[in-house]
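Below is one structure; the comments refer to it alone.
Residue numbers begin at 1 in each chain, while the letters A, B, ... track the order of the sequences.
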Amino acid sequence: MQGFSDGGADLGQLQTTMRNIEVACTSIQMHINPAAAEATILSLSQSPQPYMACRFILENSQVPNARFQAAAAIRDAAIREWSSLSTEERRSLISFCLCFVMQHASSPEGYVLAKVSSVAAQLMKRGWLDFTEAEKETFFYQVNQAILGAHGIDVQFIGVNFLESLVSEFSPSTSSAMGLPREFHEQCRTSLELNYLKMFYCWARDAALSVTNKIIEPNAVIPEVKVCTAALRLMLQILNWEFRNDTTSMKAGIDVFSAGVRHDNGSSKRSECVLVQPGPAWFDVLISSGHVSWLLGLYAALRQKFSREEPYFLLWIDPPDVVSKAIEEGKSESEMLDGCRALLSIATATTPFVFDQLLKAIRPCGTLSLLSTLMCEVVKVLMTNNTDEETWSWEARDILLDTWTILLVPTDGSGGDALLPPEGKHAAANLFSMIVESELKVASASVTNDDGDSDYLQASISAMDERLSSYALIARAAIDVTIPLLTRLFSERFARLHQGRGIIDPTETLEELYSLLLITGHVLADEGEGETPLVPTAIKTHFADIAEAEKHPVVVLSGSIIRFAEQSMDPEVRATVFSPRLMEAVIWFLARWSHTYLMPLEETNCLSNDYQQHHSVNSKKALLSFFGEHNQGQVVLDIIVRISVMTLVSYPGEKDLQGLTCHHLLHTLVRRKTICYQLVSLESWRNLANAFTNEKSLFLLSSANQRSLAQTLVLSASGLRNSETANQYVKGLMAHMTTYLVELSNRSDLKSVAHQPDIIMSVSCLLERLRGAASAAGPRRQRAMYEIGISVMNPVLHLLEVYKDESAVVYLLLKFIVDWVDGQISYLESRETAAVIDFCMRLLQLYSSHNIGKISISLSSTLLSEAKTEKYKDLRALLQLLSSLCSKDLVDFSSDSVEAAGINISQVVFFGLHIVTPLISLELLKYPKLCHDYFSLLSHILEVYPETLAQLNSEAFVHIIGTLDFGLHHQDLEVVDMCLGALKALAAYNYREICAGKTGLVSAGLGNLPEGIFSRFLRSLLQLLLFEDYSPDLVSAAADALLPLILCEQGLYQKLGNELIERQTNPALKSRLANALHSLTSSNHLSSRLDRVNYQRFRKNLNSFLNWQNKRNGWFRFLWSFLNFSMHLEALLLVV
Amino acid sequence: MSDEEHHFESKADAGASKTYPQQAGTIRKNGYIVIKNRPCKVVEVSTSKTGKHGHAKCHFVGIDIFTAKKLEDIVPSSHNCDVPHVNRTDYQLIDISEDGFVSLLTDSGDTKDDLRLPTDESLLKQIKDGFAEGKDLVVSVMSAMGEEQICALKDIGPK
């Protein structure tokens, strides 16, 4: 097929070309020999300088598809030949396209016009950085004239359309490829954003404005709508632009605006709200020009015109009661929701004060009042039709709650709550009481629709958490009203329970109390999230006039709840009132409350911070000290402990309740030293410790609770003044366990009784307790735990033998040892370390001898996969054990060094790895956690003790190398990173050895491998870097591994490099590749030493090499594929 | 608890007590439980409440350790469940006979010839193949509530 270049084009030739193309287009459409037709069209766009032909086709062809293809051909050819075109040619191409669309604006084939317009936009972008400002001006003058409507509606539409194409070309996410580096696109983007975007926006707005009046006229559909739609689309597109320019560097003139704007994006949002972020420079255009009201007016008018509904006009939300009533009566809710979203958006951009002022000009009360009334209406609707379906009122509530949250969440990071004007406070108080009323109603109604779901506390709290914390923010905004309200609500319900006991079914009241406890917990205290929460600022700073602590509303409220909780100690009341569910809420509340208020740390600090206003200090001090150490704190603590013991003993089988008590409440208590001091002296705490050792009922706690309770009790020993008493205390707590285990393991009939379920249960229970205690060993209690551990060492090994088929017990045994070693190892003296290490090795060997070569046989696939999971968990525990042992070399608090006693940790760990690795199959490494643990241990060992690898036997060695290779191709970035680290360490060690004239790793009894390990890894790593997808984050680590590998295997590296160059057919690229490879190893003064400087240089070299290589994508990978590294990898896997 | 101790004593002299009572709340995943008079391994435990303010109950999903059938049960968590006494004994595999029995060597040097091979083809193949390769095989026999079955194989031959 001949080309279609213009060289000496005469009319006949052009007509032939046009006919050819037309025929091709038609035949494609009719599916007649499409391949040939496509080739014809392709040849047009691929022929050099086809512009004349294309223009001819565009102007003369009657076939729209041919015109479309001609436009596409102009684009392809011009982008390809751009650099060889003269400036004049470039300009004429663009202006041809622009003129073409303008002239044919009324053509019915819109897609041809859109194509030509987009070609113009792409060419414009291609030449963007070359054209002078004046040249661009010329183009845009033409466009602007069109958009202004000087040449009629159609041209106006085309003009807007062209800008739309242009903006989308310049936006990185929608731009088309031009075969240019990313920098080009970035520069274009920035240039457009800074110099043109706002102008385009104004043009679009003016275009829309110019046609608005016509659209609003109640005529039938008119062509202006098209222009208006396009203009609005362009405006939206511009507003959605990803603005990058630094807002702070803008002119100072706009500070008025930015002062009122908040720049926090931290608040979470339930409802979607896209925030437009054009930055302050756009203020004049967007806000002050008043076109928002124009837009709203247009919206309202359009609704009126097209749907003939009652117009709501500007504010779809005002007055709220009328609106909500209308919606309930069947009106569309979308305006109302849009109105709510508008409030949310405004709240995002303003401070509460500015927010409130916004409507002052046109309404008697502030925006906050409106917001409150509006939300009250929504809540009312929610209350009346309480269904599980997500109705509009749900959505409205969520949007409005978000609005409140955004307004009220403290923004300055100091924890100070936002201050509302008095009217706003009033609004918040009203709203909160409405919310509580509705929540209570929902609660009492929910009693009847018992769906039997496991609706337990943790789940319901976390589901409601966001909502509850928003409620709390609202309540705190009007704290002086809301706390007394809550107190009143509680006392009403307490009274109701009291009077109706035995007569009325209390369930509804119980459920209401449950809700109230959750709400109050959120209002009074914050979730600590691992930190110690402080008393909320709103509570600290208000109630200034209250001097007597007993009358402080927070004290009154807390006191009434605690007194209520205390009634659960009476068995009769407990049976009728304190259902497990209510008790869960009580325990949850007590935990949250005591974390903040019970013997607070602030109590002592309070006096020193006198710089605050005097009157607020007084009331704050009263509040803080009331539940302090020297006041009511001890009494309350005693009550809480007694309640806790009661829930553990008197609610048999209530795992959730007991879990809350153990993990939440008791843990909270022992977390603070001040409380521990009090605890250990309390009679009730001693009773708990006694019950723990003697009471049968506490053996019935579930395993996690068992563990947690043991941990808590041991932790409370930190309240004892010296370490001797602390150790004595711990020993006293644990004695029953060690005695039992020692006696059991010494029984002659151990083998026959061990598998009785009751014995298994006791053993598991005690092991859980030991594990809990072991994880609580701190420096003060370390001695006691050490002795306990030593005394059960032999029993542990016995039990491991006896229970080798009882996976649950085996896992517990291993976990206990892991936690115990982890807590002990850094404190141990060398002699003790030796004993512990010896024990761990025996344990590992025993475990390994039980499990190696074992195959489970079961009909049930579930049981088989369970068995596999159990094995994985065991191995993970063993790896953790080895890691703990490893840490002895790094963290050691003992008085003598381990080397003194002749212990070589590295050998120990390697020996351990030797035992464990055969159990770790590549199959098991698919468990991500195991994989992670394994490779972090492996890379650590290889980095710290590479020399010991040589001492492994070849089977273990090959296995380890095999897993390393597996890890190198893992998807997890961290795993690959660790493997690269290990590889670097190995290769560097080998290189140093060789340099020192030694044999290195290769010949150390490992000659039976098919190929040296380093040459294989060199290939493998090069393969990865050159041909596979990898994260750019790995390049540095890969460079660090590659450098020593290249140094170890210089010959092979040369050979591989030459192969790479030889495959290259294009001589120019060949030499460039050779240069790139050469400079990889020689630029930046790279030497053959392995020091930090050299590693850094190589990182730089590799980075620039890979950048060069990435540009030469595609063909490169293809050419090398037949080097087929995968064969080597497979060979390796076979060996393993 | 006193119940359990009673069982404990009787066990010491008499034969096997087949099951033991244990509070439902203390039975955990991977433990054993008797459901519909079958010994099961627990693969799932969940708790819920009877009514909103009622007491907790446990929902067990168990797999029959011999037949691999899935069984379910719901028990108030403060009540007792039966837990089977599951024993495992290792024997060296001496022979596989044509009629579907295995011959095993006990610790005391006697032989045990009354154990049937599994009927399931794939399990049978695993055992037969291992034996045919001439490996020294130890089989683990699981017994509970008067039934027994091979549950694991282990190659103890020299490497």
Side-chain angles (χ1 to χ4, degrees), chain A residues 446-447 450 452-456 506-507 510-511 514 579-582 651-658 696-697 699-703 749 752-753 755-762 764-765 804-808 811 849-863 866-867 870 955, chain B residues 1 4-5 7-8 11-12 17 19-20 22-26 28-32 41 43 46-58 63-70 76-79 83-88 118 120 123 126-127 130 139-140 142 150-157:
Chain A
S446 74
V447 171
D450 169 41
D453 256 351
S454 53
D455 175 326
Y456 33 61
T507 323
L510 296 185
E511 196 55 28
Y514 179 88
S579 72
R581 180 172 158 90
L582 179 60
Y651 286 87
E654 299 293 341
K655 274 192 242 180
D656 299 324
L657 172 60
Q658 290 164 346
K696 300 266 186 237
S697 57
F699 279 86
L700 296 178
L701 294 180
S702 77
S703 49
D749 58 349
S752 58
V753 294
H755 287 276
Q756 286 170 208
D758 54 338
I759 303 284
I760 293 183
M761 192 183 130
S762 308
S764 315
C765 178
K804 62 179 179 178
D805 294 310
E806 207 60 67
S807 56
Y811 182 65
S849 75
H850 291 155
N851 289 286
I852 231 163
K854 185 175 159 183
I855 304 164
S856 294
I857 290 183
S858 173
L859 275 174
S860 158
S861 56
T862 318
L863 289 187
E866 285 289 325
E870 280 157 11
E955 201 181 334
Chain B
M1 206 62 181
E4 289 163 37
E5 267 163 24
H7 277 284
F8 181 80
K11 168 67 184 114
S17 170
T19 62
Y20 288 72
Q22 190 174 322
Q23 197 194 68
T26 65
R28 15 192 255 160
K29 189 171 184 273
N30 289 335
Y32 296 101
K41 183 158 185 166
V43 289
S46 53
T47 47
S48 55
K49 286 194 170 61
T50 46
K52 212 152 205 176
H53 289 269
H55 290 280
K57 59 192 180 196
C58 297
I63 302 227
D64 189 321
I65 54 177
F66 295 119
T67 67
K69 286 218 175 65
K70 188 169 151 187
S77 69
S78 59
H79 287 205
V83 176
H85 182 176
V86 181
N87 229 332
R88 286 191 198 71
D120 182 82
L123 302 190
Q126 275 182 301
I127 299 174
V139 296
S140 225
M142 174 172 63
I150 296 176
C151 69
L153 283 183
K154 195 165 171 335
D155 178 6
I156 54 156

Say you draw a straight line from CD1 of A/Ile760 to NE2 of B/His85; how long is it, rounded to the nearest 0.5 Å? 7.0 Å
Interchain contact, A/Glu511 with chain B, by part (heavy-atom threshold 4.5 Å): both
Identify which of A/Leu863, A/Leu582, A/Asp805 forms the greatest number of heavy-atom pairs closer than 4.5 Å to chain B. A/Asp805
Mind checking the CD1-CD1 spacing from A/Ile857 to B/Ile150? Nearest 0.5 Å is all I need. 6.5 Å
Between B/Lys154 (side chain only) and A/Ile852 (backbone N and O only), is there a donor and an acceptor less than 3.5 Å apart? yes
By a 4.5 Å heavy-atom criterion (distance strictly below it), what part of A/Thr507 contacts chain B: side chain, backbone, both, or neither? both
If one checks every heavy atom of A/Glu654 against chain B at 4.5 Å, the contacting part turns out to be both
Under a 4.5 Å heavy-atom cut-off, does chain B meet the side chain of A/Ser849, its backbone, both or neither? backbone
Are A/Ser703 and B/Arg28 packed together at the side-chain level, in the sense that at least one heavy-atom pair is separated by less than 4.5 angstrom? yes
May I have the step-by-step check of side chain to side chain contact (heavy atoms under 4.5 Å, CB included) for A/Phe699 and B/Gln23, ending in yes or no? CA-CA 11 Å; A/Phe699 279 86; B/Gln23 197 194 68; over 6 Å; no
Contacts of B/Ala24 meeting side-chain contact (heavy atoms from CB on, under 4.5 Å) (sequence neighbours excluded), chain-then-number -> B/Cys58, B/Phe60, B/Val75, B/Cys81
B/His55 atom NE2: more than 12 heavy-atom contacts under 6.0 Å: no
So, the part of B/Pro84 with a heavy atom under 4.5 Å from chain A: the answer is backbone
Could you give the distance from OG1 (A/Thr862) to NZ (B/Lys70), rounded to the nearest 0.5 Å? 7.5 Å
Residues A/Pro652 and B/Ser77: closest non-hydrogen pair is O-OG, 4.4 Å
Determine, step by step, whether B/Val83 and A/Asp758 satisfy the side chain to side chain contact (heavy atoms under 4.5 Å, CB included) criterion, reporting the C-alpha distance in whole Å, the side-chain angles of both residues, the deciding distance to 0.1 Å, and the verdict. CA-CA 9 Å; B/Val83 176; A/Asp758 54 338; over 6 Å; no
Engaged part of B/Lys69 at the chain A interface, taking heavy atoms whose separation is under 4.5 Å: neither
At a 4.5 Å cut-off on heavy atoms, which part of B/Thr67 comes close to chain A: side chain, backbone, both, or neither? backbone
Return the minimal non-hydrogen interatomic distance between A/Lys655 and B/Gly25, and the atom names on each side. CE-O, 3.2 Å
Reported CG-to-CD distance for the pair B/Asn87 and A/Gln756, which is rounded to 0.5 angstrom: 9.0 Å
Distance (rounded to the nearest 0.5 Å) between B/Lys41 NZ and A/Ser860 OG: 10.0 Å
Go through the steps for B/Arg88 and A/Lys804 under the test side chain to side chain contact (heavy atoms under 4.5 Å, CB included), then give the verdict. CA-CA 10 Å; B/Arg88 286 191 198 71; A/Lys804 62 179 179 178; over 6 Å; no
Quick one: of A/Pro757, A/Pro506, A/Gly653, who has the most non-hydrogen atom pairs under 4.5 Å with chain B? A/Pro757
Measuring heavy-atom distances to chain A, does B/Tyr32 have an atom under 4.5 Å in its side chain, in its backbone, in both, or in neither? side chain
Residues B/Val86 and A/His755: closest non-hydrogen pair is O-CB, 3.5 Å
